[in-house]
Q: 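Pasting a structure here, questions to come.
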Amino acid sequence: MRQLQKIRQYQRLYQHYGAVPMPTTIAEVAEVALCSERHARTLLRQLAQSGWLSWNAQPGRGHRAILHCLTTTSELSAPLMHACLEKGDYQSALQLADGDPASLHHIITPFLGGKWLKHQPTLRIPWYRPLTSLHPALQRRRAEQHIICAVHAGLTRYAPGNPQPVADLAHHWDTRDDMRCWRFYLRSGAHWHNGQAISDEDILAALHQLLADPARNAGLAHVQQVSLVAPWCLEIALNAPDAMLAHRFAHHACRLPHPQQPTIGAGPFAIAHHHSHYLRLERQPWYFAAHPLLHAIEFWRTRSETEKPAWITVGKGENARESVTSTSGGFAWLMLNAGLSQPLAAWLRQEIQHINQEYIRRDDIDTRTEILPGIATPAFAETSDVTLPATLSLVCYRAPGLCDLASMLQTRLKKRGCDVTIRWKDREAWHAPDALAQADILLGDYLAGEVPEFALAEWFTEEPAWATALGKVPWQKAKQTLMTYCESEESLQTHLPTFFQHLLESGACTPLFHYRYRLNTLENVQGIVLTASGWLDFTRAWLPPAQERTTSAS
């Protein structure tokens, strides 16, 4: 776009020379505008004809000319930003904003929400941070996990409101040998997003990649062998009975990208564009199941941070009465290093719970915790005062509620002569090897899944903080015990509450608060169904017609 390039060059001149007349030379203008001297003369003539600046050259070699920028960059760029946004060209609008999403925030709102673009229904979502890799192995963030499930198919998947996994790339399945052997009968005729037919060998290769990846295979250590025993018939042999294997394959980490091209999936939406500030998903024409009614979903980065990541705003909805809300089954939690003395651990647990209950005041959290029906945070006896060490190490997941809690604890313990060193971690750094091993205090959170009991068991298997809170050997033994409960769904539902009640009563883990998910009303969007993670189910949403067609009687 020539107009965009011209404005960008004028922006460079304005930033360098300002709004007052300044002496300069053609060579200096060319350097500032990042062009040749010949082009700089053409550019100055064009900008002067547009009335954006004046250029008064002085006769004689070596004499400096006077350049005067006559208009602000915002006056020039705003109309073009609107034109770009109207067409959905977010990238060009962001360039005009010098790459700063916050400067777009005040003009972008009318272009968000549900829109019909070129007769296609499109949902535009404002977002506060870059959306990073969408490979299942690399994502532990709520938004990316939800998008991964829209882009990539798995053997099974969850449908919101359904406690049982449903068919995906596997059309159906059965078990034999007392749940030690599973057969998944694969769906033929499916295609990858690039139009290539999905073969049974593709699915086998993708499964082998999953099982070989430590970032994805935590719940599949008991898989002994995976093979094709017949065309489109996948057999999985286990070392131990497991009634929950179909549930495990519904996890986002078990989605199956193309084995050679990991950005290509087989889910209902394909990745059309993915940049640091912009993501566009488009409905996949090759999708094997019912097609979504939305044609495209776009994420536009409009600001640099948010104070309430559990609240998702799409379009103009801001009022509580216009929102869909839910309370997460997941929770923020406290764990303490198993090596701390019992009196110190008990005092720290009491102090942190006191801060959490008395001082954390946020409308996006609920401090009444119940990790499963009937399993609430136990009430511990009051502890006597202790002598604090000179230093303590705290590792905290970077979420606003937990950051508030960590900072208050640091301030309170400083007054008692104890320096608390805080290390902030995002989800990727949290799961790095030995990232938590030396921490005295751990503040993190657990994001629930569609089936509360099983999701809780998966979390215990995958969360590295348990190795610090219990010790590595006790954690491994507890995971083996948990696996024995998976002989049947009834066994897991019977034993899991007791298993976690014991962990809470021992003080190994202390739930602190639930997140209050909130999805602000989407302008014109219908079919709003929330997932367990508080996100909109993209496959069910739809837009009403842009306008009804009128016909005249002949």
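Please read all numbers here as calculations on a predicted model, not as lab measurements.
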Q: Keeping the roles fixed (side chain from Trp424, backbone from Cys403), state whether a donor-acceptor pair exists under 3.5 Å.
A: no
Q: Is any side-chain heavy atom of Asn356 closer than 4.5 Å to a side-chain heavy atom of Leu334?
A: no
Q: As an exercise, state the distance from OG of Ser50 to CG of Leu70, rounded to the nearest 0.5 Å.
A: 11.0 Å
Q: Rounded to the nearest 0.5 Å, what separation is found between the CZ atom of Arg540 and the CG atom of Asp537?
A: 5.0 Å
Q: Write down the atom of Lys414, the atom of Asp419, and the distance for their closest heavy-atom approach.
A: NZ-OD1, 2.7 Å
Q: Assess whether side chain to side chain donor-acceptor pair (under 3.5 Å) is satisfied between Tyr278 and Glu298, documenting all intermediate values.
A: CA-CA 7 Å; Tyr278 175 73; Glu298 297 179 346; 3.1 Å; yes
Q: What about the rings of Tyr158 and His251, do their centers lie closer together than 6.0 Å?
A: no
Q: Checking the side chain of Gln209 only, and the main-chain atoms of Pro259 only, is there a donor and an acceptor separated by less than 3.5 Å?
A: yes
Q: Are side-chain heavy atoms of Leu13 and Leu47 found at a separation under 4.5 Å?
A: yes
Q: Considering non-hydrogen atoms only, spot the tightest contact between Glu462 and His431 and give its length.
A: O-CE1, 4.0 Å
Q: Any donor-acceptor pair under 3.5 Å linking the side chain of His68 with the backbone of Ile66?
A: no
Q: Using a 4.5 Å cut-off on heavy atoms from C-beta on, say whether the side chain of Leu67 contacts that of Met22.
A: no
Q: Donor-acceptor pair, distance only, cut-off 3.5 Å: does the side chain of Gln410 make one with the backbone of Thr421?
A: no
Q: Between Thr468 and Met335, is the side-chain contact (heavy atoms from CB on, under 4.5 Å) condition met? List the steps.
A: CA-CA 8 Å; Thr468 304; Met335 294 190 198; over 6 Å; no
Q: How are the rings of His291 and Tyr287 set to each other: parallel, tilted or perpendicular (split at 30° and 60°)?
A: tilted
Q: About how many Å separate CD1 of Ile203 and CG of Leu210, when rounded to the nearest 0.5 Å?
A: 13.0 Å
Q: Where do Ala266 and Ile198 come nearest, in terms of heavy atoms and distance?
A: CB-CD1, 3.6 Å
Q: Hey, does Thr122 have a side-chain heavy atom less than 4.5 Å from the side chain of Trp116?
A: no
Q: Can you measure from CZ (Arg412) to OG (Ser407) and round to the nearest 0.5 angstrom?
A: 13.5 Å
Q: Between CD of Gln526 and CG of Leu293, what distance do you get to the nearest 0.5 Å?
A: 11.5 Å
Q: Which pair of heavy atoms, one from Asp445 and one from Leu402, lies closest together, and at what distance?
A: N-CD1, 4.4 Å
Q: Arg216 side chain to Arg255 main-chain N or O, any donor-acceptor pair under 3.5 Å?
A: yes
Q: Within the 4.5 Å heavy-atom criterion, are Arg157 and Cys149 side-chain neighbours or not?
A: no
Q: Under 6.0 Å from the CD atom of Glu282, do we count more than 12 heavy atoms belonging to anything else shown?
A: yes
Q: Any side-chain heavy atom of Ile26 sitting closer than 4.5 Å to one from Leu44?
A: yes
Q: Please report the shortest heavy-atom distance between Leu256 and Trp192, naming the atom on each side.
A: O-CZ3, 3.5 Å
Q: Quick one: are Pro292 and Phe269 in side-chain contact, heavy atoms under 4.5 Å?
A: yes
Q: Under 3.5 Å, is there a donor-acceptor pair between the side chain of His193 and the main chain of Ile271?
A: no
Q: Under the 3.5 angstrom rule, does the side chain of Arg423 hit a backbone N or O of Val395 as a donor-acceptor pair?
A: no
Q: Does Gln438 have more than 12 heavy atoms from other residues, nucleotides or ligands lying within 6.0 Å of its CD?
A: no
Q: Is a side-chain N or O of Arg280 found less than 3.5 angstrom from the main chain of Phe299, in a donor-acceptor match?
A: no
Q: Roughly how far, to the nearest 0.5 Å, is SG of Cys254 from CD1 of Ile148?
A: 11.5 Å
Q: List the steps, then state whether side-chain contact (heavy atoms from CB on, under 4.5 Å) holds for Leu394 with Leu443.
A: CA-CA 8 Å; Leu394 189 157; Leu443 293 174; 4.2 Å; yes
Q: Assess the side chains of His16 and Glu28: does a donor N or O sit below 3.5 Å from an acceptor N or O?
A: yes
Q: Is the closest side-chain donor-acceptor distance between Asp426 and Tyr397 under 3.5 Å?
A: no
Q: Check the pair Arg187, Leu169 against side-chain contact (heavy atoms from CB on, under 4.5 Å), reporting the backbone distance first and the verdict last.
A: CA-CA 5 Å; Arg187 189 186 302 273; Leu169 287 174; 5.6 Å; no
Q: Report the C-alpha separation of Gln284 and His191 in whole Å, then their side-chain angles, then the decisive distance to 0.1 Å, and conclude whether the side chain to side chain donor-acceptor pair (under 3.5 Å) test is met.
A: CA-CA 10 Å; Gln284 154 67 308; His191 291 75; over 6 Å; no
Q: Verify side-chain contact (heavy atoms from CB on, under 4.5 Å) between Trp300 and Leu279, making sure each step is shown before the conclusion.
A: CA-CA 7 Å; Trp300 292 5; Leu279 171 69; over 6 Å; no
Q: Any heavy-atom pair between the side chains of Thr24 and Tyr17 that's under 4.5 Å?
A: yes
Q: Looking only at non-hydrogen atoms, find the nearest pair between Pro268 and Thr539 and report the distance.
A: CG-CG2, 3.8 Å
Q: With no hydrogens and no angle check, is any side-chain donor or acceptor of Tyr10 less than 3.5 Å from a backbone partner on Trp52?
A: yes
Q: Keeping the roles fixed (side chain from His146, backbone from Arg142), state whether a donor-acceptor pair exists under 3.5 Å.
A: no
